[in-house]
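Basis for what follows: all heavy atoms, side chains included, without hydrogens, waters or symmetry-related copies.
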Amino acid sequence: MSQTPASMGRVELRFRKKKQRISKKSMIIAGSVLGCLALIIGVGAVLEDSTDDEPAGESLSGTEAPSASVPSLVEQRAEEKAPDRSLSEMKEAETSVRALTVDSDKRVAELMATTQGCGPLVAQFAKDYRGKIIKFDAAVWALNKHDDYHTRYDILVSYGDFTEEGISGPNFQFRDVSPTLDLHFGAEDVPDSIGVGDELTITAEVQEFEEESCLFLLEPVATSFR
């Protein structure tokens, strides 16, 4: 405290506050704390930048998403097991499996056994089974050119083998077909031509029965030689 004379007989008093000194140990601790805070902030900034730059196709766990151009393991195994067949062959095979035969369908057996090719049994079968698939052993009995075409034919086939004992069942006909293309032979079974007497296994779709001509029209699905 100091006393300074002042005018008018007043005395002015001045007080001096003692300065508090910071110890060196406190300064070291404070510096360490600030350094740690700076380090934490820096690490957080780096992690945030890394997350922002992460590609969209990469998961949070760091595993890279599979590329769309690379087939999955399931697809690869499916391709290895799939047979080397065209789409049409696979469709024909599937159709052949669900085809009706003399062994699986009573009415198909009755149709093939009838000796009245123009009888009511044939007409009713064609009406009831239109669009269904039937499969049977057959023989070629006639090939006639369709109209004036040189490569299109009307092919008459019947149930069973080609014998002199006659035929049973309807007079089936493939109308306006190419023998080597439209009969749908397998890739390794395509003939250069077919003729009367050839014995075949036929899978076909029921179309209609023409009572005037006594012809039972079929749409070929698959054909093979016996």
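Judged as a ring-ring contact (aromatic ring centres under 6.0 Å, His included), and not counting sequence neighbours, the contacts of Phe125 are Tyr129. Every residue was checked against the side-chain hydrogen bond (donor to acceptor under 3.5 Å, both in side chains) condition with Arg130, not counting sequence neighbours, and none meets it. With sequence neighbours left out, the side-chain hydrogen bond (donor to acceptor under 3.5 Å, both in side chains) criterion links Glu210 to Arg175, Ser213. Partners of Phe174 by ring-ring contact (aromatic ring centres under 6.0 Å, His included), not counting sequence neighbours: none found. Remark: Glu208 engages no residue in a side-chain hydrogen bond (donor to acceptor under 3.5 Å, both in side chains) (not counting sequence neighbours). Qualifying side-chain hydrogen bond (donor to acceptor under 3.5 Å, both in side chains) partners for Ser104, counting only residues two or more places apart in sequence or in other chains: Thr101.
Under the 4.0 Å criterion applied to side-chain N and carboxylate O atoms, Asp198 and Arg226 are not assigned as salt-bridge partners.
A donor-acceptor pair under 3.5 Å is formed between the side chain of Thr223 and the backbone N or O of Leu183. Side-chain N or O atoms of Asp154 include one that pairs as donor or acceptor with a backbone N or O of Asp176 at under 3.5 Å.
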- Message: Evaluate Phe136 against Phe172 for ring pair (Phe, Tyr, Trp, His ring centres under 6.0 Å), listing each step before the verdict.
- Response: CA-CA 11 Å; Phe136 59 97; Phe172 295 113; 4.9 Å; yes
- Message: Using side-chain contact (heavy atoms from CB on, under 4.5 Å), reason through Leu200 and Val140 one step at a time and then give a plain yes or no.
- Response: CA-CA 8 Å; Leu200 311 168; Val140 178; 3.8 Å; yes
- Item | Test log, rule side-chain contact (heavy atoms from CB on, under 4.5 Å), inputs Ile134 and Val206 | CA-CA 7 Å; Ile134 59 175; Val206 175; 4.1 Å; yes
- Message: side-chain contact (heavy atoms from CB on, under 4.5 Å), that's the test. Do Val122 and Gln116 meet it? Break it down for me.
- Response: CA-CA 8 Å; Val122 177; Gln116 299 179 1; over 6 Å; no
- Message: side-chain contact (heavy atoms from CB on, under 4.5 Å) for Thr151 and Ser178? Distances and angles first, verdict last.
- Response: CA-CA 6 Å; Thr151 58; Ser178 167; 5.7 Å; no
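Nearest heavy atom pair, residue Ala138 against residue Ile202, reads CB-CD1, 3.6 Å. Scanning all heavy atoms of the two residues, the minimum distance from Val177 to Asp182 falls at CA-OD2, 3.4 Å. Taking all atoms of both residues into account, the shortest heavy-atom contact from Pro220 to Ala204 is CA-CB, 4.2 Å. Of all the heavy atoms in Ala113 and Ser168, the pair that sits closest is O-CB, 4.3 Å.
Residues Thr201 and Asp137 bring a donor and an acceptor atom of their side chains to less than 3.5 Å of each other.
Here the CD1-CD distance, from Ile133 to Glu219, works out to 9.5 Å after rounding to the nearest 0.5 Å. A distance of 13.0 Å separates NE2 of His146 from OH of Tyr153, quoted to the nearest 0.5 Å. One distance of note links CG of Leu143 with CD1 of Ile194; it measures 5.0 Å at 0.5 Å rounding. Atom CD1 of Ile155 is separated from atom CG of Leu218 by 11.5 Å, given to the nearest 0.5 angstrom. Atom CG of residue Leu111 and atom CG of residue Leu121 lie 6.5 Å apart, to the nearest 0.5 angstrom. How far CG of Leu181 is from CZ of Arg152: 8.0 Å, rounded to the nearest 0.5 Å.
Residues in residues 106-127 take part in these salt bridge (Lys or Arg N to Asp or Glu O under 4.0 Å) pairs, two or more places apart or across chains: Arg107-Asp128. The disulfide (SG to SG under 2.5 Å) contacts involving residues 160-200 comprise nothing, where partners must be two or more places apart or lie in separate chains. For the disulfide (SG to SG under 2.5 Å) condition, the pairs that include at least one residue of residues 153-214, sequence neighbours left out, are Cys118-Cys214. Sequence neighbours left out, not one pair with a member in residues 129-188 passes disulfide (SG to SG under 2.5 Å). Identified under the ring pair (Phe, Tyr, Trp, His ring centres under 6.0 Å) test for residues 190-210, with sequence neighbours left out: none. Identified under the disulfide (SG to SG under 2.5 Å) test for residues 156-191, with sequence neighbours left out: none.
Side-chain contact between Glu205 and Lys132 is absent, with no heavy-atom pair separated by less than 4.5 Å. In this structure, Val108 and Asp103 have side chains that are not in contact, with every pair of non-hydrogen atoms separated by 4.5 Å or more. Residues Phe216 and Asn171 are not in side-chain contact: their nearest non-hydrogen atoms beyond the backbone lie 4.5 Å or more apart.
Between Phe225 and Phe185, the ring planes lie parallel to each other; the angle is under 30°, not in the 30° to 60° tilted range.
Shown here is Glu199, whose CD atom has more than 12 heavy atoms of other residues, nucleotides or ligands within 6.0 Å.
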